[in-house]
Structures are given as structure tokens and as C-alpha cells.
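From a predicted model like this one, the values you see are computed outputs, not experimental measurements. Chain letters run A, B, ... following the sequence lines, proteins first, then strands; residues in each count from 1.
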There are 2 protein chains.
Amino acid sequence: MKLIAIYKCLCDETRLRILHLLSHQALCVCHFQEILSAPQVKISKHLAYLREHALVETKREGTWIVYSLPVKASAELTANMKCLQDCCRGNAVFSADLRRMNRALANCAGPLAECCGEQPKTARGSKPKAARA
Amino acid sequence: MKLIAIYKCLCDETRLRILHLLSHQALCVCHFQEILSAPQVKISKHLAYLREHALVETKREGTWIVYSLPVKASAELTANMKCLQDCCRGNAVFSADLRRMNRALANCAGPLAECCGEQPKTARGSKPKAARA
DNA sequence: TCGGTATATTCTTCTCTACGCATATTCCTT
DNA sequence: AAGGAATATGCGTAGAGAAGAATATACCGA
């Protein structure tokens, strides 16, 4: 039952926040660590859980690994991500996450690092210098 | 975080099917047992879990206890129940549950027992003989 | 008051999950 | 080739959750 896998992934706060972020923007692991202020192991393990349940896809970009929702997401996942966004609108925790995300992406595009060379759907800094295959 | 409680309740198959049924119709415990073909303990424990997480309300009707979604459901719960209904439409398991529910309610209104004296939103048998306070 | 029906709770066992520490892997740069 | 950065994995522990058996509780009717 696909639905149960989806709900299992959504029922932990860390994963819920990760999925909420991913419903807005593909991100790499270091961003999750920064946005959620969580240790690397914790983030990595929850991302593994999401991978095992096929709720996310990965793309290697040099040293970084960019996580995103599946390109061909099931109808159930799409519906639930939409529902999640609706539920999160106006919520303090999730709004703060989005703010931190935008800040992180802005910094990321700066002189220090540029991992998530995707085209973000939200505000973005400048100078996406390089995008290795 | 209210959302997490909701997802925790949804991430088990038994509870998922119970909540899906409740999104259509208030039901008493014996109906869940019959529709899901599950032993009494199992149903009762999962209902207790739903109660503890405030996803359901109960009303005593004589010997029976009728379960329903909260009258004043949170926006999150309402949204997720809507989403669940959308996701379940056309699914074999959930559709069969609904069919069994209607059959159970029809029998229930018959000469044998009449526990769920609510006004069902779906098809219904006849003769809702009594509704004790 | 007693028996019966509907439902809940307790206890035990087992599995799954979360977390942190330490370590491994992969890739890049020099 | 070597070091460093980003990310993943293995191990151990502790707690949550699921299931069934047995038992308890609450209500009803006679």
C-alpha cells in the first residue's frame, strides 16, 4: 500500500520538515543540516529512510548529493504534498524553515559553495558559478 | 505538532482503513470488526490509539459505542481526510471496505440490531427502530 | 440480581524506529 | 597519491508500536 509508506515517512518531525522543504525546492544534504540545525547522521539516516520508501530521488553533483521528490511522483504523493503545503502555510516552524532555506540558497550561490544548481522556484541569490555533470 | 499526530494515526493499515470509513460515516466498534474482519482486541486498541491522539470522538449508545471524526475537526485533519478520500477513490481495498460498510449498515438497520442510528451520508437500510439517549 | 453482549485494558512478546558514536565511502583538489 | 569535504553505514541502546491471550468493565434485559 503506497499510502502507508507515504504516511510512515510523514509521521516523524525531521522527515516531515524535509519533505515540506522538498515540496518547494530540491536541496542537498548540507542544506538540510543547516536549515534544520540537525547533526549529519540524523539527516542522512532520515534521507535513507525516505530513499528506501521511494519518496525521494538523488542526483550526484560532485561531492554533493541533491535530493528531490521523484520526477514521476505517484498521484498519492502529489496529493499529499499539496495537502502538506496547505497545512503548513502560516505555521511558524515550517515558515521559518522556508526562510532559512532561502537564506541558505542565497549564501550557497555566493562565493563559498554552489551545490544546488537547480532552478529554484523561490527567491534566489546570484552567480550560480558552475554545475558539473 | 498536530500534523505529526495525524500522520502517525494514518501510517498503520488498520487505522488508515478505519479513518477512511469514518470520513464517510460514523460507525460503532462491531461494524469495524465486521468490515475489516479483524479481531475485537485489534480494533479496540487501534481505536484507543485514535482516541488518545484526538482523531476520533465517541458517543455511547446503550451497549454500543459509536465512533466518529471530531465534530470540530482541525483544518489539518479536514484537509487530510479530504486528501485521503481522493487517494482512495478507485482503490480496491478501500472500495471494498465501503461496500462492506453499506452492507453492514443495511443489515444493522434490519431486525437484528441498530447501533449506528446516525443519519448516514450514503445508502441505508430501513427501520432505524430506536435510538436510546 | 444475574447472565449476556459490547467494548476496553493488562501483560507479554516481538519488531520497528530513533539516535549517537565511530567509521567507511566517494569525490574533488593539489 | 594524499588529504580533505560531503555523505553514508554499522553497531549498540532505548523506546514506541503491534499483536494475541486473558481478563475487566459497562450496559442491557429478564
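For A:Lys45 against D:dG10, a side-chain N or O and a base N or O form a donor-acceptor pair under 3.5 Å. No hydrogens or angles were tested; on distance alone, nothing pairs the side chain of B:Gln40 with the base of C:dA6 as donor and acceptor under 3.5 Å.
Looking at the side chain of B:Pro39, the nearest of the listed nucleotides C:dT17, D:dG20, D:dA18 is D:dG20. Taking every side-chain heavy atom of B:Val29 into account, C:dA8 is the closest of C:dA8, C:dA18, D:dT7. Comparing D:dA21, C:dA8, D:dT9 by their closest approach to the side chain of B:Ser44 singles out C:dA8. Distance from the side chain of A:Arg60 is smallest for C:dC27 among the nucleotides D:dG17, C:dC27, C:dT9. Across C:dC27, D:dC27, C:dA22, the shortest atom-to-atom separation from the side chain of B:Thr63 is found for D:dC27. Among the nucleotides C:dT7, C:dT10, D:dA8, the one closest to any side-chain atom of B:Cys30 is C:dT7.
As rounded to whole Å, 10 Å separates atom P of C:dA18 from atom CG of A:Leu50. D:dT9 atom P lies 16 Å from atom OH of A:Tyr49, rounded to whole Å. What separates CD of B:Glu61 from P of D:dC27 is a distance of 13 Å, to the nearest Å. Atom CG of B:Asp12 and atom P of C:dT17 are 12 Å apart (whole Å). Taking atom CD1 of B:Ile65 as the reference point, atom P of C:dA8 lies 4 Å away to the nearest angstrom. Taking atom CZ of B:Arg15 as the reference point, atom P of D:dA16 lies 15 Å away to the nearest angstrom. Taking atom NZ of A:Lys42 as the reference point, atom C1' of D:dT7 lies 17 Å away to the nearest angstrom. Rounded to a whole Å, the CD atom of A:Glu52 is 10 Å from the P atom of D:dG10.
Under the 4.5 Å side-chain criterion, counting only non-hydrogen atoms from C-beta, B:Phe94 is in contact with B:Leu16. Counting only heavy atoms from C-beta outward, the side chains of B:Gln85 and B:His24 approach each other to under 4.5 Å. Looking at A:Leu19 and A:Cys9, their side chains come closer than 4.5 Å, going by heavy atoms from C-beta outward.
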- Task: May I have the step-by-step check of side-chain contact (heavy atoms from CB on, under 4.5 Å) for B:Arg89 and B:Asp86, ending in yes or no?
- Result: CA-CA 5 Å; B:Arg89 216 180 308 285; B:Asp86 292 345; 2.8 Å; yes

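Nearest-nucleotide positions on DNA chain C for A:Cys11 and B:Gln33 put B:Gln33 closer to the 5' end.
The residue B:Val41 sits close to a base: some heavy atom pair falls under 4.0 Å.
Contact check, A:His46 against C:dT17: no side-chain N or O comes under 4.0 Å of OP1 or OP2. Contact annotation: A:Tyr67 side-chain N/O to D:dA6 OP1/OP2 distance is not under 4.0 Å.
Salt-bridge formation is detected for the pair A:Lys59/A:Glu61: a Lys NZ or Arg NE/NH1/NH2 atom is positioned less than 4.0 Å from an Asp or Glu carboxylate oxygen.
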